[in-house]
Structures are given as structure tokens and as C-alpha cells.
Protein chains: 2
Amino acid sequence: MKRITIYDVAKEADVSLATVSRVINDSNVVREDTRIRVQKAIEKLGYKPNAIAQGLALSKTTTVSIVMGEKMFPYHAKILNGLMDVAKIYNYNIMFHTTSKGISKMQDVIESIIKSRVDGVILFNDNFSEDELEVLNEYQIPMVIVGSKIPKTNIANVGNVYVDFEQMAYDLVNTCFEKGIEDIALVEDKLNLSMMEQLKNGIDKAYEEKGKKFEKYISYDDSYKSSYVFLTEHFKQMKPSQMVITLRDSQAIAVLNASSEAGYKVPDDYELICVLNNKYLNMVRPHISSYNIPEYDMGAVAMRLLTKMLVEDKDKKQPLNKEIEMTYSFLKRSSVK
Amino acid sequence: MKRITIYDVAKEADVSLATVSRVINDSNVVREDTRIRVQKAIEKLGYKPNAIAQGLALSKTTTVSIVMGEKMFPYHAKILNGLMDVAKIYNYNIMFHTTSKGISKMQDVIESIIKSRVDGVILFNDNFSEDELEVLNEYQIPMVIVGSKIPKTNIANVGNVYVDFEQMAYDLVNTCFEKGIEDIALVEDKLNLSMMEQLKNGIDKAYEEKGKKFEKYISYDDSYKSSYVFLTEHFKQMKPSQMVITLRDSQAIAVLNASSEAGYKVPDDYELICVLNNKYLNMVRPHISSYNIPEYDMGAVAMRLLTKMLVEDKDKKQPLNKEIEMTYSFLKRSSVK
């Protein structure tokens, strides 16, 4: 049966929400005939205005903390949508925490999580140390880490919903080798160093198997205001590799602009792939190839996994599968031949 | 005095956080000499491991709800950063709610806010009706609305931190008139209809004062997959107005791409301004002019205002100023002459 809400009462009595609220709270500004109409609607629908207080007394609300790096906020929007939609279905309260270099450090977030006695935690990759995870684990708080694959851990109560970026990079480089492309560059994204490492590991592995060494990891120091400023200098001195790989849109578009201003054309002079997809890759010319990563689904699956972990029966024969790999596909656009 | 944390103890005893945690929780897996070292560190620093439980019993934690439309998520990132940083300073817990067309409706969010007995609410413009605000007001929950200016309301407990987009559009059109530009177009952004209305009102007013009528509000129906698809058709049939104004980056870049493919050049054939600034406006060529809106500050000021409202003394002679207008400035880039 559908739960009756204050909205249903307002509709039935043909009054505003505020009027229903006033009647419930015994406000004396409501006209007598309106008050009677609202009370009739309440009776007819069986609306229980005290359900809120009763609910609080009888049952515990499940609260889940989501911890996110402030800078990655616009990039995790779809994952967050998936998390929030599933949380809504289960009627969870969401406590939101951000970490940033300046004000909000992970250690404060952990203290606040422990203090507020949340039931579970969703973490994004790249935000914490294994040591910090272990503290949460000591307080027996189930955690799900979403984004990339975490290293094998001894911590029991940790789930992981991920895309295997190392495998993705390994496969991409082998595809390049098959096409005769051996000069490949990877541009660093300073916001995602652990994901950069996974990409680099995959590339290294593919090169090593070929008896070669990967040497074009393009990194720049903080003296450059942006990757675009650095790349503008870079392409004055050397031409782009045959294949340039970036993690995020900003670096891909910076490569495109800086190389174009130096006279190089995509895909004739070089090919370009940006790992994380978003709409801006279709807004530049040529459109930049990318990977279709099921971000919304990753969020939804992560929250669903946490739900299962919250009710997990530890003595069950069939333990819960807490490592869930998500599949991706290549989005071929005009930046590759 | 700085509050002593579990991190300080771990550092002092030269052990991991998990070890400190285990000692506190009387786990028997800790070696005796380590246990003694940790306990000495706890005593030396005056760390109170039971502070968490004591805190819960003695004092109430302030909890603030933030309500945000799911689709606007990437665009409100900086406002959210400002909100979160100030919340962190005051040690507030943040409950996060999103609204979306499908699953999470505003009425559910309101019920969840009331149920979880939050102390205050931050709302973004464009998400709610006045009726819904009044319900929150009946429960005496202070609210601050951040983004654009809200209409005058009878609701007492509402603050507003805003940029006056109507005035911005009015001033912009008058500047155009002074330069002899009278053919101005405004491209609709379907995600922000109330902000579109404010921009349109400002433009209407400037035209009316000139004895003219504004007629180039460019809107498209849902049969088009995107503004780019619509605009591609549009610019085949007619040339761009002298000045094209959009609200968000997506529309501005769509105008730029569609018009360019139809053979029009910015700023020679027409000029282009995008109201809401972000980094992508500098990633296209030419760079698109915009407004510098202090988004981080708006978030910080909004949370600060809510803090003041939470402790407001209603009988004070000098009432709290709850309407705070933020200033903006024009960012001239190469899309205007």
C-alpha cells in the first residue's frame, strides 16, 4: 500500500501543504470550515501525522556516509546519481563529506564518520590510505570503494566496485602495437595519481612483453599554470607521439589545442584518446575518442553492495562477492583512424 | 587548545592508527609492549577515547541538509565546496539530498528532512515551490536559498544569497544598445527555467524602456536531441543575431560549433556571451566571454548566514539581514569585440 503523505491530504482537501501543516500543528490561523475539510481528508485517507515521531522511536534509520574529494566533484556526478537513487529506494539518509587539500582532511572525515555512527561508508578511490581504512574497519563499519581497483587488502569489511584501468591500458597498447603504432604517450593528470599509476602499469606491462620500455609519460611540474601552458611549450620542441592517451577531458582538450596551434592535425598527424568520457569530448573538433564507463551503474551497484554488506550473515556458507568488476567499451570518434 | 585525535596518539607512540584503535577497543591481538606504549601516549597527550560517546550524550550535533537538483550537480561544484568548507569549520554534519525527475521528488526530500530533524536547510534555486518552502517553515526549519534571487515571500525563516541575473541581463542589453547592437538573442537552457526567466525579464525591461519589444528568445522542443542539433538546423535558415547570450557552457559551445559549421565567425559576424563561467569556455576557440560569479563565496556566505539564523535572537532590535546580494564582473574574452 502506498504510504499516505501530507501531499495526498492537501490534494484531497484542495488546500495548500502549509494549511495541512497548520491544521496538524493546531495553528489558530486556519478558518474553521477549512480545518474541518482538512480533518475529514486526514480521516478518509488514514494519514498519520504522528508517524514521524513514531518512526523515530521505533525504528533505526540507516545512514550512509559518502566521502568524495572536492576537486573530483564534477567528474563523479553520474556515480553520485547512481548512489543517491539507490539510497533513496532504501530510504537511507546520506551524510556527505568532502576532502580537500586545505580544510577537510581525511582524518577529520573519519572522526566525523565514527562520531555520527553511520552504518556504512562509500569512498571514492584516491582519497585515503590503507591505514585509514583499517581504523574504519576497527569500528566495524562496512565500506565500499568505487572507481578503480584497490590493491589486495587484509581488511575484511571492504567492497570494491571498479573498472580495471590497468587492463584497459594494456589492451589499448596491444591494439596499437597490432596496428604498427609503437610511439605512445600518456599525459599525467595530477588530480588522479593512483589512476594514472594503474594506466601506466598496464602500458608498462604491454611494452615489457614486447621486450621494450615505455618512456613517454608526460608530466609537468607546478611551475606551469596548466597542462595547456606546458603542452604549448612541449609541442614547440617536439611533435606529438603517434598515439596520445589522457585520463580526463581537460588534458585531452589541452593536447588538441596546443598541438593544433603548433600545426599538428588529429587524426592525420597523431591519434588521441581520453579515458574518462564526458560531453565536452563531443563539443571539440574533431570529437575525441573515449571509453564508455558505466558510471551511473557503478554508483547504483556500489550502494546495492553496501546494502547487502549491512545485512550480511557472516556465518553463511556462500560469502558475499565484494569485488565487482564493471565492463566498459571503446567509443570510437574522429580523433582516431 | 588543539583537540587531541587518534592520529596524534599514533604518531606519539609510533604505531598505526589501527593499533591505537585496537588498544582503545581492548583487542587482544596487540603485543603487550605496544599496548603499554600506546597507553603512555594516550596519557601523555590527554587523549580521551570516550569523547565520542560522551559527546553524543551531552551535546547535540548540528546537522544541515543540502538539497540539490541532480542534473545541476557538475555546475554547482564550487558553491558546494564553499558550503562544505564552512560547514566543516562549524563541525556540522551534512545530510545530502538530490532531486531528480525520476526517483527523488522534492516532496520525498521534505519528508526526509522533517523526519531526520535537521537544524537547517540549504536549497538551490529552481528546485521547489513556495508551497513546499512553507511546509519546512511550519516545522520552523531555517532555510537559505543560494543561487538566484527569490521572489518576495511571506515566509519568515528564509535567507537568500544570490546574484541578480535580471539586473545583469538588463545592464548587458543597455551596453549593447550603447554600442548600436539592437539584434540580441537569448538561447533557452531547459535545466534552469527560473534563471532563464530572470534573464528574460531583464532583457524585456531594457527593450521596453527603448520603446521596443524583445522577440529573439530561442527555444526548442524535445524533438531535438540537443541544442546543437537544433542550432545546426537554425543557422541553416537564419544568420545569428548580432549578440547571442546563453546561460550555460553547453548552449554557448553549441552556438559556436553550429554557427561555425554554417560559415559564421565569432566575433566578426556576431558576438557571444555565456552567463555562467567555467573552464570549458577557455578551451574552445575563440574563448567565450562570461561573468565572474563568486560561486565559492556564495556557498561560504550561505552556510555562514544559516549559522547565524540557527542562533538568531528573534527579539533583538537589529534583525539579521537575510538577503545577501553578491557582486559579479564581466570577463571579456575574444568572443566579443
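By number of non-hydrogen pairs under 4.5 angstrom with chain B, the leading residue of A:Ala254, A:Ser112, A:Ser260, A:Pro74 is A:Pro74. Counting heavy-atom pairs closer than 4.5 Å to chain A, the top-ranked of the candidates B:Tyr228, B:Phe96, B:Tyr280 is B:Tyr280. Contact count versus chain A (heavy atoms, under 4.5 Å) is highest, among B:Ser65, B:Ala87, B:Ser250, for B:Ser250. Ranked by heavy-atom pairs under 4.5 Å with chain B, the list A:Ile66, A:Val284, A:Leu80 is led by A:Leu80. No other option in A:Asn81, A:Ile253, A:Leu256 has as many heavy-atom pairs under 4.5 Å with chain B as A:Asn81.
Residue contact with chain B, scored on non-hydrogen atoms closer than 4.5 Å, involves the side chain of A:Ile110 exclusively. With a 4.5 Å cut-off on non-hydrogen atoms, A:Lys279 touches chain B through its side chain but not through its backbone. Heavy atoms closer than 4.5 Å to chain A are found nowhere in B:Lys78, neither backbone nor side chain.
A donor-acceptor contact shorter than 3.5 Å links the side chain of B:Ser334 to the backbone of B:His287.
Legend: residues meeting side chain to side chain donor-acceptor pair (under 3.5 Å) with B:Ser335, ordered by chain and number and at least two apart, are B:Ser289. Looking at residues two or more places apart in sequence or on another chain, you find a side chain to side chain donor-acceptor pair (under 3.5 Å) between B:Ser16 and B:Thr19.
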Check your understanding: Step by step, would you call B:Ile141 with B:Asn157 a side-chain contact (heavy atoms from CB on, under 4.5 Å)?
Key -> CA-CA 7 Å; B:Ile141 302 174; B:Asn157 234 349; over 6 Å; no
**Study point:** Worked verdict on B:Met68 versus B:Ile79 for side-chain contact (heavy atoms from CB on, under 4.5 Å)
**Key:** CA-CA 11 Å; B:Met68 215 165 162; B:Ile79 296 180; over 6 Å; no
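With hydrogens and angles left out, the side-chain atoms of A:Tyr92 and A:Asp119 include no donor and acceptor closer than 3.5 Å.
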